[in-house]
Amino acid sequence: MHGDDGFFEPEHEAFRAAVRQFIDREVTPHLDAWDEQRAIDRGTWLAAGKQGLLGLAVPEYLRGGGTADYRFRSVLCEELALAGAASLNSSFSLQDDVAIPYLLRLGTNEQRRRWLPSMCAGELIGAIAMTEPSAGSDLQAIRATARPDGGDWILNGAKTFITNGIQADLVIVVARSGDKGDSGPPPFGLFVVERGTPGFERGRKLRKIGLHAQDTAELSFTDVRVPAANVLGDPRQGFVYLMDNLPLERLSIAVTSLGAAQAALTWTVDYVKQRRAFGKPLAAQQNTQFAVAEMATEIDVTRTYVQTGIRAHTDGTLTAVDAAKAKWWATEMHKRVVDRCLQLFGGYGYMMEFPIARAYLDARVQTIYGGATEIMKVVIARDVLGKP
Ligand SMILES: Cc1cc2nc3c(=O)[nH]c(=O)nc-3n(C[C@H](O)[C@H](O)[C@H](O)COP(=O)(O)OP(=O)(O)OC[C@H]3O[C@@H](n4cnc5c(N)ncnc54)[C@H](O)[C@@H]3O)c2cc1C
């Protein structure tokens with residue numbers, strides 16, 4: 001039995017073949033250069049758009065892929081993981097699993113027509129700015145403010161750790177839109193700030209231990225005037241919108257971790273078969289065999305759970321609790337597997353020319369962003385225990 005049995009159908013495999021061609025042509029030759037420049041070329045976004053790899057869930061009349069079947073997205077995540085392209089994977093995921101869904105769900109017809117076709121074409125890159133220097137896990141502590149002014153809103157605040165922050169053409173900014181009442185979360189709004197808007201500044205491109213090619217930045221907003229046409233949904237219901245979208249973001253991180261763990265094991269299996277020590281291949285050592293057996297089991301068990309999540313999302317039944325379970329489990333498993341795989345590579349695993357080295361560095365953030373492991377457990381415990 002293999003976890004993939006019957007999950008993917010011929011149309012997903014045809015898509016996989018097209019994705020592989022794209023990766024051979026547009027991704028693999030550039031990985032080192034992107035790491036050096038700490039950014040992905042915009043041309044890659046355009047090529048992905050041309051090949052129909054962006055905006056998979058966007059209706060066709062808006063130039064998207066027109067499919068709610070999340071298996072296609074997961075094929076792309078798996079293949080990018082296998083290619084060792086974690087930064088691109090996370091940048092594309094931000095576009096497809098985070099920014100676009102907000103516009104699809106909350107956008108008016110006019111907003112959807114204004115932004116989505118160009119996002120699907122890779123001409124517009126999106127970002128979401130929730131995190132602030134003093135508000136990460138605790139989103140209710142967000143301090144950025146938006147105050148109404150005529151029909152517009154005036155936005156002030158500072159955001160940090162924003163994926164695609166430097167390159168983004170539009171940023172969905174989460175800001176407090178009024179005073180907190182006696183109970184419940186404060187009122188938040190989601191405001192789309194476009195490139196070139198006066199008062200919108202980009203700060204440092206942050207140096208990270210991994211995901212070197214993913215641009216992660218600080219952003220600041222000083223008296224930024226946001227027209228009513230750039231407000232998403234009800235400007236007081238932002239917290240509810242965030243809670244609605246976080247399950248998909250978390251599922252996508254779980255899918256990526258699963259793919260990356262499988263990729264690490266695949267590279268390791270090849271390596272231990274050809275690397276010899278004490279007169280025989282490493283694969284002949286019982287320690288290697290047990291490690292590989294344990295990792296293959298962990299990956300297959302995780303795959304089954306993540307695939308249940310993928311089906312649930314496709315059917316519109318993915319819950320916040322199940323997404324939290326998938327996220328913490330798959331990302332912690334990913335971290336363990338990559339660490340063990342690197343050990344089996346010995347000193348070569350520590351050398352950047354081996355993909356396992358980059359994969360080790362890239363893996364570390366998975367248990368942190370999109371809601372840290374501890375926060376996932378808070379969500380699950382609340383469901384299991386109720387309010388003690
Ligand atoms: C590479 C990268 C890309 C990112 N991209 C984006 C992005 O595009 N947009 C965006 O808005 N944000 C982004 N983030 C931010 C990310 O989502 C936050 O870093 C994350 O939510 C954790 O917040 P924090 O860093 O403030 O940590 P903190 O909230 O300060 O947490 C620190 C530690 O305390 C633990 N902790 C906190 N509260 C509790 C609790 N109640 N119980 C138990 N433990 C707790 C946490 O789990 C963590 O281990 C990104 C971060 C990184 C590193």
Side-chain angles (χ1 to χ4, degrees), residues 34-35 38-40 86-102 125-144 157-176 185 188-193 202-221 238-239 241-243 245-250 252-254 256-257 260 323-324 327-328 331-332 334-335 358 361-382 385 387-388:
W34 292 342
D35 272 4
R38 289 192 289 130
I40 291 154
S87 293
L88 185 66
N89 219 349
S90 109
S91 296
F92 278 4
S93 179
L94 207 288
Q95 178 98 333
D96 252 60
D97 301 316
V98 187
I100 285 179
Y102 281 110
I125 298 176
I128 174 128
M130 297 182 253
T131 305
E132 299 182 358
S134 54
S137 304
D138 182 8
L139 285 175
Q140 294 198 27
I142 283 176
R143 288 190 192 163
K159 299 287 180 180
T160 193
F161 301 157
I162 306 308
T163 301
N164 298 343
I166 298 291
Q167 287 183 313
D169 302 290
L170 59 90
V171 183
I172 301 170
V173 183
V174 183
R176 205 175 266 258
F188 287 122
L190 305 185
F191 302 90
V192 180
V193 177
R202 300 171 210 249
R204 288 183 301 147
K205 190 195 284 184
L206 300 167
R207 296 187 73 88
K208 310 189 290 296
I209 63 173
L211 291 185
H212 291 304
Q214 182 222 56
D215 102 61
T216 312
E218 295 174 329
L219 305 178
S220 75
F221 304 88
F239 199 76
Y241 302 148
L242 294 181
M243 295 304 114
N245 205 66
L246 282 169
L248 172 57
E249 180 174 355
R250 289 170 181 165
S252 74
I253 296 171
T256 306
S257 272
K327 203 263 174 187
W328 88 260
T331 55
E332 294 288 344
H334 172 194
K335 219 168 67 176
R358 189 195 265 128
L361 297 173
D362 292 341
R364 189 61 189 88
V365 75
Q366 295 288 100
T367 61
I368 297 171
Y369 64 7
T373 291
E374 296 73 19
I375 301 304
M376 299 304 94
K377 292 180 182 174
V378 169
V379 171
I380 299 160
R382 207 182 289 137
L385 296 169
K387 212 171 181 168

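When a ligand or atom number is given, it counts from 1 through the structure's own listing order. Just so it is clear, the model here is predicted, and its values are computed rather than measured.
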Has Lys327 got a side-chain atom pairing as donor or acceptor with Thr373's backbone, closer than 3.5 angstrom?
no
Taking Gln167 for its side chain and Ala39 for its backbone only, find out whether a donor-acceptor pair lies under 3.5 Å.
no
Of the non-hydrogen atoms in [X] and [Y], which two are nearest, and what is the gap between them?
{"X": "Val171", "Y": "Ala129", "value": "CG1-CB, 3.8 Å"}
{"X": "Ala324", "Y": "Val379", "value": "CB-CG1, 4.1 Å"}
{"X": "Thr160", "Y": "Pro133", "value": "CG2-N, 3.8 Å"}

Quick one: table the atom pairs, ligand 1 N or O against protein N or O, below 3.5 Å, distance rounded to 0.1 Å.
unit_1, atom_1, unit_2, atom_2, d
ligand 1, 5 (N), Phe161, O, 2.8
ligand 1, 5 (N), Thr163, OG1, 2.8
ligand 1, 8 (O), Thr163, N, 3.0
ligand 1, 8 (O), Thr163, OG1, 3.3
ligand 1, 9 (N), Ile128, O, 2.9
ligand 1, 11 (O), Met130, N, 2.9
ligand 1, 11 (O), Thr131, N, 2.8
ligand 1, 11 (O), Thr131, OG1, 3.1
ligand 1, 12 (N), Thr131, OG1, 2.6
ligand 1, 14 (N), Phe161, O, 3.4
ligand 1, 23 (O), Ser137, N, 3.3
ligand 1, 29 (O), Ser137, N, 2.9
ligand 1, 29 (O), Ser137, OG, 2.6
ligand 1, 47 (O), Glu374, OE1, 2.6
ligand 1, 49 (O), Glu374, OE1, 3.3

OG1 (Thr367) and CD1 (Ile375) are apart, to the nearest 0.5 Å, by 12.0 Å
